[in-house]
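Below is one structure; the comments refer to it alone.
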Amino acid sequence: MRYNFKQIEQKWQKEWDEKKIFQAQDFSDKPKFYGLVEFPYPSGAGMHVGHIKAYSSIEVVARKRRMQGYNVLFPIGFDAFGLPTENYAVKTNTHPRIITDTNIEKFSNQLRKVGFSFDWSRVVDTTDEKYYKWTQWIFLKMFEKGLVFRDNALVNYCPHCKVVLSNEDSQGGKCDICHSDVIQKPKTVWYLKITEYADKLLQGLSDVDYPDNVKQQQENWIGKSTGAFVDFSLDGIDEKLQIYTTRPDTLFGVTFMVIAPEHPLIDKYADRIGNMDAIENYRNECAKKTEFERTQLVKDKTGVKIEGIEAINPLNGKKIPVFIADYVMMGYGTGAIMAVPAHDQRDYDFAKAFGVDIIEVIKGGDITKEAYTGDGEMVNSDFLNGFTNKKDSIAKVIEELTKRGIGTAGVQFKMKDWAFNRQRYWGEPIPLIHCPSCGVVPVPYEELPLILPNVEQFEPGEDGQSPLAKIESYVNCKCPKCGADAKRETDTMPQWAGSSWYFLRYIDPNNDNALADMEKLKYWMPVDWYNGGMEHVTRHMIYSRFWHHFLYDQGIVNTKEPYAKRTIQGLILGPDGDKMSKSKGNVVDPLDIVEELGADTLRVYVLFMGDYGAATPWNDSSVRGCKRFLERVASLEEIVTEEKGETKELTVALHKAIKKVSSDIEETKFNTAIATLMSLINTITKVGKLTGEELEIFIKLLAPFAPHLAEEIWHNRGHEDFIALAQWPAYDESKTVEDNIEVGVQVNGKLKNTVSIPFNGEKDEVLSIAKSDEKVAAALAGKNLVKEIYVPNKIINFVVK
RNA sequence: GCCCGCGUGGCGGAACUGGCAGACGCGCAGGACUUAAAAUCCUGUUGUAGCAAUACAGUACCGGUUCGAUUCCGGUCGCGGGCACCA
């Protein structure tokens, strides 16, 4: 058969589509498999080869599962709200709706050309009002349960995008979208109380199958620490200063305290403070610094001593000074710390700069040089003296603090609440109303969806307000509670909102009465296998796990955790080894490859190119190598023979291949699975013939990777059904081994030769075969044989002296 | 600074649980076919020495455990990722 990939691919894509063979059936006696890929953001640039690699993994698994008799749900959709589209809308003065529709169509066409077996009847679009009705609905549920709150805060603000950014979107002090410098700006911010779910999100990790580094990253991001809250009295003031510490056992080493510049204590006791001017100056300077600058000046400790306020160490009654310094953050713990300069490097640096005492309480270091943070015997610490184990001394001091009513054990999380509003147009409207008498009132559920109004101008206002604020007919409304004139919230949700629950909507995409029907959820959930990029492991995955845990608590979904298993694909780098980017001009367009070499070649290559989880550079020659492989497959029909008498070599290779390809797919070792098929075709070429039955097994193994070609050959052989639904081949373990195998023979661990021995041969027999080998015999001659090692079917080693 | 991962031919990468290092592909070299080129096919391809059989060396580097180490342990160097004044 001549390999006319273009004709083959068009033909089978059309056939699969018309026969609807990839549509998932709700409810079935078959076992279910729900395979999920991260749905794309439909950018104007179209698909990237990275998309192909990301989807190909679950694609292969889904196709294999269908052949294994599973009822498979493998859906696709579009995460279409967001800034790039909005910015493009502003630039070209085109409505984001039009841009989004155009891009979605472009993406859909491209995805279809690659032949992915998505269920196209379940496509979701986060910007569809029928979809975001339920995004808003979940938000209102959270509001109802007290998980939405408003706060005035200094926020990360991007002057270029004119938008408030979360800490995650402004890492390194740069805007995640436009990379401008982020500044601090006071704003009213809507938060989702994700911190309330911190522990559940942490504990849930033990129930799921994620790679270790993914779990670790999520653990770090949640950042649980255990320690204690301790109350320090203030001299002459009837007020306690509470601190959080992970080392309460070093309390006797406390020589000063530090509070964050924003700490409320300052304003409350401003009249007592002798140096308020100096403190105000310092606070103003800090306010000017961005979070980024603050964290960059790690070395130089700055601060001001508060005159007129002194704290008292609750364990020994000593008076100690209190400072404000920006190395203490208001957002973590209580915004105040007890400083133990002998055993914390930051406190040490500060103490050195400000001439404060340093008291050693743990032996083992040299505190004249630096802080000692290791373990050791406790000294200068009253009832803690003599303790050598951190765990014991902490337990002891917490017991004592609790007894005296001055402290308790406590935990803290690094994770912050989720800033949930954006002053932008292209997002889900936040369904809240500000009423002068009732306060914040939710839009009634029955009025959802709250539809994003059509506007002509998409630019945010100069004051950073959402474009929606300019539309009076939208802003002005009646309070649903009291009927008075009221104003709508004009901010929209962040892009992470729509993607936090999309996998639920695939299960029941047209339901108008619920986000998804419970019976269908019970059938399909959880997602059995979710593949995506490392970049979404902390934000998207934690946000969506948070929403899912919440929905579970409300009885709206039936599983605690949404994703049973997660895998990560590595980046595809440009041919030059750098990350692909337009500016570097090293971008490979997947559609070019589909045109020139075919979708099957592209699919095989992205999975063959390297370790699935590793970043691998693109290589044009290697792509052609995959095409060559498929051409050889296409020509196999020419050597099909119906003469009986199987070739042992081919039988063994075939059964080994079934075993290897089957297990490799499960372990995302697609590169070696394909290598196995390449080896198999080398064996077939060497043997020079194969039976029709053997050919069919071969193309079944190939089908998940190169489905179009496999389908074509299958039909050429007279089949009326689809190979996509044919039965996955089984192997016979006894046929995966040769009668005789080659093993290495070592003398003192050095390989001397290989010998052919019977499979599972007896030790004596095998050793005598080895000894009679000429080279081995030569190496053993005249030596004293000390030990004979035979690992069955693996290695023979003679130890001689 | 802390946490994690990695380091194998000219290149991408294989190697099950400690058992023949370099599967498979690319590239390169030689050959066949061709008037010629491309495509295709065949052969070779870790390094050094040798016409060769073969010998020795070899998985970043140094050392250890072991009959045997790419794999396990200790140290050094290099690269990548994540977190970061988190008390």
Side-chain angles (χ1 to χ4, degrees), chain A residues 171 211-221 223-225 227 243-248 250 257-258 260 294-301 325-329 331-340 343-347 349-350 373 412-416 534-535 537-538 571 573 577 604-605 608-611 613-626 628-629 631-632 635 660 663 669 671-682 685 742-755 775 786-800:
Chain A
Q171 285 173 358
D212 284 343
N213 58 337
V214 169
K215 284 193 185 185
Q216 251 159 24
Q217 257 192 49
Q218 294 201 4
E219 277 166 20
N220 289 343
W221 201 76
K224 183 175 183 171
S225 89
I243 59 94
Y244 173 74
T245 177
T246 53
R247 292 302 301 266
T250 60
M257 300 188 75
V258 185
R294 245 175 102 162
T295 56
Q296 278 310 288
L297 303 167
V298 175
K299 288 279 153 60
D300 310 322
K301 292 285 178 290
D326 65 358
Y327 82 93
V328 173
M329 305 289 152
Y332 186 78
T334 63
I337 62 158
M338 62 177 217
V340 186
H343 305 292
D344 180 290
Q345 193 57 42
R346 293 154 304 169
D347 296 347
D349 295 341
F350 190 88
T373 54
Q412 278 294 301
F413 296 95
K414 285 186 195 173
M415 186 167 69
K416 302 215 168 66
M534 205 62 198
E535 69 275 19
V537 156
T538 45
L571 285 180
L573 305 173
V604 168
Y605 176 64
F608 177 69
M609 64 191 300
D611 179 337
T616 312
W618 183 270
N619 183 313
D620 283 318
S621 305
S622 282
V623 187
R624 281 193 289 277
C626 291
R628 226 169 275 152
F629 164 61
E631 277 165 354
R632 291 177 72 195
S635 65
K660 177 82 174 146
S663 61
K669 288 158 79 174
N671 54 340
T672 49
I674 293 165
T676 302
L677 293 174
M678 289 173 169
S679 285
L680 183 54
I681 208 167
N682 289 344
T685 308
E742 294 271 307
V743 295
V745 183
Q746 300 176 333
V747 174
N748 283 349
K750 287 202 134 196
L751 187 74
K752 289 299 167 191
N753 205 358
T754 61
V755 294
K775 283 182 204 160
V786 182
K787 202 171 174 185
E788 297 171 328
I789 291 156
Y790 171 52
V791 181
N793 308 318
K794 292 259 167 81
I795 198 87
I796 296 158
N797 190 10
F798 296 110
V799 185
V800 296

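A quick note: this is a predicted structure, and the numbers were derived from the prediction, not measured. Side chains are part of it too, since the values below use all heavy atoms of this structure and drop only hydrogens, waters and symmetry mates. To find a chain, count down the sequence lines: A is the first, B the second, and so on, and within it residues start at 1.
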What contact category does [X] fall into here, base, sugar-phosphate, or nothing, at under 4.0 angstrom with non-hydrogen atoms?
| X | value |
| --- | --- |
| A/A614 | nothing |
| A/K752 | nothing |
| A/Q746 | base |
| A/T754 | base |
| A/G223 | nothing |
| A/K215 | nothing |
| A/E742 | base |

Among [options], the one nearest [X] by side-chain distance:
| X | options | result |
| --- | --- | --- |
| A/A675 | B/rA23, B/rU40, B/rA87 | B/rA23 |
| A/I789 | B/rC4, B/rC67, B/rA87 | B/rC67 |
| A/K416 | B/rC86, B/rA15, B/rC85 | B/rC86 |
| A/F608 | B/rG82, B/rC24, B/rG68 | B/rC24 |
| A/S622 | B/rC26, B/rC24, B/rC85 | B/rC26 |
| A/T672 | B/rA87, B/rC85, B/rA23 | B/rA23 |
| A/L751 | B/rA21, B/rG27, B/rA14 | B/rA21 |
| A/T685 | B/rC85, B/rC42, B/rA14 | B/rC42 |
| A/M678 | B/rG12, B/rA87, B/rC24 | B/rC24 |

Is the distance from OP1 or OP2 of [N] to the nearest side-chain N or O of [X] less than 4.0 Å?
| X | N | result |
| --- | --- | --- |
| A/K414 | B/rC2 | no |
| A/Y244 | B/rA87 | no |
| A/K775 | B/rA53 | no |
| A/N619 | B/rG27 | no |
| A/N682 | B/rG25 | yes |
| A/R628 | B/rU40 | yes |

[N] - base-pair partner by Watson-Crick or wobble geometry, distances under 3.5 Å:
| N | value |
| --- | --- |
| B/rC20 | none |
| B/rG50 | none |
| B/rA60 | B/rU76 |
| B/rU40 | B/rA32 |
| B/rC26 | B/rG10 |
| B/rU66 | none |
| B/rC2 | B/rG82 |

For nucleotides [N] and [M], find the distance between their [atom1] atoms and express it as a whole number of Å.
| N | M | atom1 | result |
| --- | --- | --- | --- |
| B/rC79 | B/rA53 | P | 42 Å |
| B/rG81 | B/rC28 | C1' | 35 Å |
| B/rG9 | B/rA15 | C1' | 15 Å |
| B/rA21 | B/rC33 | P | 39 Å |
| B/rA36 | B/rU46 | C1' | 36 Å |
| B/rA60 | B/rU8 | C1' | 10 Å |
| B/rU70 | B/rC20 | P | 10 Å |
| B/rC73 | B/rU65 | C1' | 7 Å |

What's the shortest heavy-atom distance between [X] and [Y], and which atoms?
| X | Y | value |
| --- | --- | --- |
| A/I674 | A/F608 | CG2-CD1, 3.7 Å |
| A/M534 | A/V214 | CE-CG2, 4.0 Å |
| A/Y332 | A/Q412 | OH-CB, 3.6 Å |

query = Can a donor-acceptor pair under 3.5 Å be found between the side-chain atoms of A/K794 and the base atoms of B/rC20?
reply = no

task = Answer with yes or no whether A/N797 presents, from its side chain, a donor or acceptor under 3.5 Å of a partner atom in the base of B/rC67.
result = yes

In terms of side-chain heavy atoms, does [X] have a donor or acceptor partner in [Y] at a distance below 3.5 Å?
| X | Y | answer |
| --- | --- | --- |
| A/E742 | A/T754 | yes |
| A/Q216 | A/N220 | no |
| A/Y327 | A/D347 | yes |

How close or far is atom [atom2] of [N] from atom [atom1] of [X], stated in whole angstroms?
| X | N | atom1 | atom2 | value |
| --- | --- | --- | --- | --- |
| A/N213 | B/rG82 | CG | C1' | 10 Å |
| A/D212 | B/rC6 | CG | P | 11 Å |
| A/Q345 | B/rA87 | CD | P | 15 Å |
| A/L571 | B/rC79 | CG | P | 20 Å |
| A/M609 | B/rA14 | CE | C1' | 16 Å |
| A/W221 | B/rA84 | CH2 | C1' | 15 Å |
| A/N793 | B/rC16 | CG | C1' | 13 Å |
| A/K301 | B/rC85 | NZ | C1' | 5 Å |

ask   = Should B/rG9 be called syn or anti, with syn set as within 90° of 0?
value = syn

Output yes when a side-chain donor or acceptor of [X] lies under 3.5 Å from a complementary backbone atom of [Y], and no otherwise.
| X | Y | answer |
| --- | --- | --- |
| A/T616 | A/A614 | yes |
| A/N748 | A/V800 | yes |
| A/Y605 | A/N619 | yes |

query = Closest nucleotide of RNA chain B for A/T538 versus for A/N220: which of these residues is on the 5' side?
reply = A/N220

message = Nearest heavy atom decides the nucleotide; on that basis, is A/E631 or A/G749 closer to the 5' end of RNA chain B?
response = A/E631

query = About how many Å separate CZ of A/R624 and CD of A/E631, when rounded to the nearest 0.5 Å?
reply = 11.5 Å

